[in-house]
Amino acid sequence: NNAAYSELLNSLKRLDRLESIASLLSWDETVFMPSASQPLRSEQLGHYSEILHREASHPRIGELLFLLEQDDLSAEAAINVREARKEYDRRTRIPAEFASRKAQAQSRGYALWVEARKADRYEDFRPALEEHLALAKEEAAYLDKPVPYDYWIDQFDPGMTRQIIEPIFDVLKSRLKSMVAQILASPSQPDNSIFKGFPLDRQETFLKEVVAALGFDFSRGRIDSTVHPFCGGHPLDTRMTTRFDENNPLDSLTSAIHETGHGLYQQGLPDAFAGTALGSPVGMAVHESQSRIYENQIARSRAFWSHWEPRYRALFPEQLKGISSDQLYRAINKVDVTPIRVDADEVTYNLHIILRFEIEKGLFDGSITPATLPEAWAALSEEILGFRPSNNRLGCLQDVHWSHGMFGYFPSYTLGNVLAAQLWYKIREVLPDLDDQMAANNYAPLLQWLRTHVHSKGRRFDTLSFTREVIGQELAPDALLHYLEERYLSLYTAS
């Protein structure tokens with residue numbers, strides 16, 4: 001039934017365009033919107049979410065899906081119809097009133113989080129967290145999901161559950177704690193205090209040059225500054241953000257490169273299938289694998305800096321005067337325990353995520369409540385990372401995710417690191433001269449491989465099937481541990 005399938009694709013593409021408007025409203029809220037306009041934006045998003053929900057659950061879409069499910073469809077059409085059915089059923093079982101209420105809570109929650117974090121007043125944010133937790137459980141109940149946390153994990157990474165993640169994280173927690181202890185005990189410690197007094201305008205010049213060289217298309221995207229770096233928007237209008245600190249130039253650079261990995265994935269999704277599974281990412285773990293490859297495997301490598309170091313020195317001659325290339329490289333790859341997740345190096349980063357995974361499990365099973373969250377966070381931080389945060393800004397208030405009710409997202413970061421390492425070794429098999437290409441500032445072959453094997457595939461597979469089909473392996477932590485040991489243990493045993 002070609003006519004029905006064409007009508008379905010057109011309907012889903014229209015929904016994609018409508019959703020892109022909501023994305024822009026949210027982007028503006030965090031980047032440019034005046035703070036006193038927040039109540040208005042909350043109302044706008046609430047009303048718009050209700051309209052969008054009504055459109056996405058229109059009976060005509062259900063009729064088209066029913067017709068197509070009776071047909072003998074091509075493999076591509078079958079994937080789009082199957083995934084559209086899942087989303088349509090989800091939408092039709094969630095009341096429009098609930099969608100509006102949730103959108104308004106997300107907008108309010110973000111504003112409360114910004115102020116609570118700034119003032120280090122957790123109790124000001126606690127009501128928003130309680131509301132989001134209740135909404136998360138309410139949504140799972142509408143869909144008859146008996147394990148709400150598994151429902152939310154699946155929303156971000158299709159097919160994943162707490163039971164699949166736990167054994168991977170258990171191995172990582174044990175091995176990484178041992179690796180961190182070994183690194184911190186090494187007498188060969190890099191000095192990253194060299195990064196002081198880097199003018200912000202020159203930081204921005206450098207990172208935009210790097211981002212463009214990696215392949216980000218600024219004709220259909222932009223990068224701005226905000227409190228918490230993110231990538232959003234649409235494949236045809238991709239919005240990225242970073243943040244700047246005169247005494248921490250690597251933060252803006254690595255954040256921008258991280259978001260570029262997300263942005264390249266977004267820009268590589270086929271717009272011909274916009275709004276369908278084939279025009280959507282697999283999930284956030286695969287999305288994170290793209291950002292991590294660019295941020296870590298590439299931008300912390302000797303090959304990357306062999307090209308970019310001269311330009312960095314030209315922009316910051318006084319700041320880098322007397323600093324050798326080896327000192328610079330080692331400072332870029334310094335490992336240390338920090339209370340802030342987004343400032344963490346790639347060795348300790350996953351311990352931050354494991355901490356949040358344990359917290360979220362507790363919030364959903366009731367062993368942790370919003371009232372006991374600060375103390376639970378402090379205790380788990382001491383157990384997993386080896387320190388207790390001195391305040392809640394360095395603890396449970398540091399991340400933006402819960403202000404939007406985004407439970408189940410955090411595991412995607414470490415799953416993304418696991419996938420990034422597995423993908424990295426696969427890529428190096430097919431591009432054996434990749435280091436030479438990076439040293440020559442040629443990222444086209446890498447991007448082309450990712451476009452062909454990851455970006456253009458959309459969501460043909462769930463997370464575990466993606467790993468098997470694209471990488472040829474089961475999802476496992478071995479490659480990540482091997483990669484981290486290979487890069488960092490040798491660095492920290494250097495004379």
Side-chain angles (χ1 to χ4, degrees), residues 27-28 30-32 190-233 237-267 290-334 340 342-343 345-346 437-444 446-447:
W27 169 83
D28 174 71
T30 59
V31 178
F32 288 130
D191 178 14
N192 65 353
S193 66
I194 63 175
F195 296 113
K196 302 292 182 187
F198 282 57
L200 304 187
D201 58 339
R202 281 180 265 167
Q203 286 189 44
E204 185 173 10
T205 295
F206 183 74
L207 73 81
K208 284 188 173 179
E209 290 177 9
V210 170
V211 166
L214 293 175
F216 184 76
D217 184 355
F218 277 102
S219 72
R220 53 190 175 112
R222 57 182 291 141
I223 187 165
D224 294 281
S225 180
T226 191
V227 175
H228 192 99
F230 68 90
C231 175
D237 184 6
T238 308
R239 306 301 177 100
M240 305 193 302
T241 68
T242 189
R243 59 187 178 191
F244 294 94
D245 182 342
E246 208 171 67
N247 298 319
N248 190 6
L250 290 183
D251 183 41
S252 63
L253 178 62
T254 57
S255 293
I257 294 172
H258 175 100
E259 302 307 336
T260 298
H262 285 305
L264 292 172
Y265 191 3
Q266 286 294 109
Q267 292 185 336
Q290 304 305 286
S291 62
R292 292 296 169 178
I293 282 174
Y294 280 93
E295 177 190 2
N296 293 326
Q297 277 88 346
I298 291 172
R300 298 185 193 276
S301 70
R302 291 191 185 275
F304 175 89
W305 282 99
S306 69
H307 171 82
W308 285 104
E309 183 183 342
R311 176 60 174 151
Y312 205 51
R313 289 185 180 278
L315 284 168
F316 305 106
E318 290 302 314
Q319 290 80 2
L320 296 174
K321 187 177 181 181
I323 304 299
S324 71
S325 294
D326 191 60
Q327 284 176 298
L328 176 62
Y329 177 73
R330 286 167 59 77
I332 288 164
N333 285 283
K334 181 172 175 59
I340 301 295
V342 295
D343 293 341
D345 55 84
E346 61 175 327
Q437 292 167 3
M438 290 194 292
N441 201 33
N442 177 18
Y443 292 92
L446 169 66
L447 183 55

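For the numbers below, each heavy atom of this structure counts, side chains included, while hydrogens, waters and symmetry mates do not.
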Q.
For D245 and F195: C-alpha separation, side-chain torsions, deciding distance, then whether side chain to side chain contact (heavy atoms under 4.5 Å, CB included) applies.
A. CA-CA 10 Å; D245 182 342; F195 296 113; over 6 Å; no
**Q.** Side-chain heavy atoms of L446 within contact of Y294, under 4.5 Å
**A.** yes
Q) Of the non-hydrogen atoms in A299 and F304, which two are nearest, and what is the gap between them? A) O-CD2, 3.7 Å
Q.
Given 3.5 Å as the limit, does a donor-acceptor pair link the side chain of R313 with the main chain of L320, or not?
A. yes
(Q) So, using ring pair (Phe, Tyr, Trp, His ring centres under 6.0 Å) as the criterion, who are the partners of Y265 when residues are at least two apart? (A) H287, H455
Q: Measure up the F216 and F218 rings against each other and bin them: parallel (under 30°), tilted (30 to 60°), perpendicular (over 60°).
A: perpendicular
Q) Which is it for N333 and R302 under the side chain to side chain contact (heavy atoms under 4.5 Å, CB included) test, yes or no, and what are the steps along the way? A) CA-CA 10 Å; N333 285 283; R302 291 191 185 275; over 6 Å; no
Q.
If I compare all heavy atoms of I194 with all of A331, which pair ends up nearest, and what's the gap?
A. CD1-CB, 3.8 Å
Q: On the 0 to 90° scale, with breaks at 30° and 60°, tag the Y312-F206 ring pair as parallel, tilted or perpendicular.
A: tilted
(Q) Given 3.5 Å as the limit, does a donor-acceptor pair link the side chain of R220 with the main chain of Q267, or not? (A) yes
Q: Sort out for me which residue in E204, E246, Q203 forms a side-chain hydrogen bond (donor to acceptor under 3.5 Å, both in side chains) with S252.
A: Q203
Q) Does the side chain of M438 come within less than 4.5 Å of Y443's, by heavy atoms? A) yes
Q.
Less than 4.0 angstrom from a charged side-chain N to a carboxylate O is my criterion; do D251 and R243 meet it?
A. yes
Q | N/O donor-acceptor pair under 3.5 Å between S291 side chain and E259 backbone | A | no
Q. Which pair of non-hydrogen atoms, one from I223 and one from A256, has the smallest distance, and what is that distance?
A. CD1-CB, 3.8 Å
Q. Considering only heavy atoms from C-beta outward, does the side chain of Y329 approach that of E309 to under 4.5 Å?
A. no
**Q.** K334 versus D345, closest heavy-atom pair with distance
**A.** O-CB, 3.4 Å
**Q.** Pairing residues for S225 by the side-chain contact (heavy atoms from CB on, under 4.5 Å) criterion, not counting sequence neighbours
**A.** F244
**Q.** Side-chain donor or acceptor of T226 paired with backbone N/O of T30 under 3.5 Å
**A.** yes
Q.
If you define the side chain from C-beta out and look only at heavy atoms, does anything of I323 sit under 4.5 Å from F316?
A. no
Q) Just by modelled atom types, is the R239 backbone N or O under 3.5 Å from a matching donor or acceptor in the D237 side chain? A) no
(Q) Ignoring hydrogens and geometry beyond distance, is a side-chain donor-acceptor pair present between D326 and S324 at under 3.5 Å? (A) no
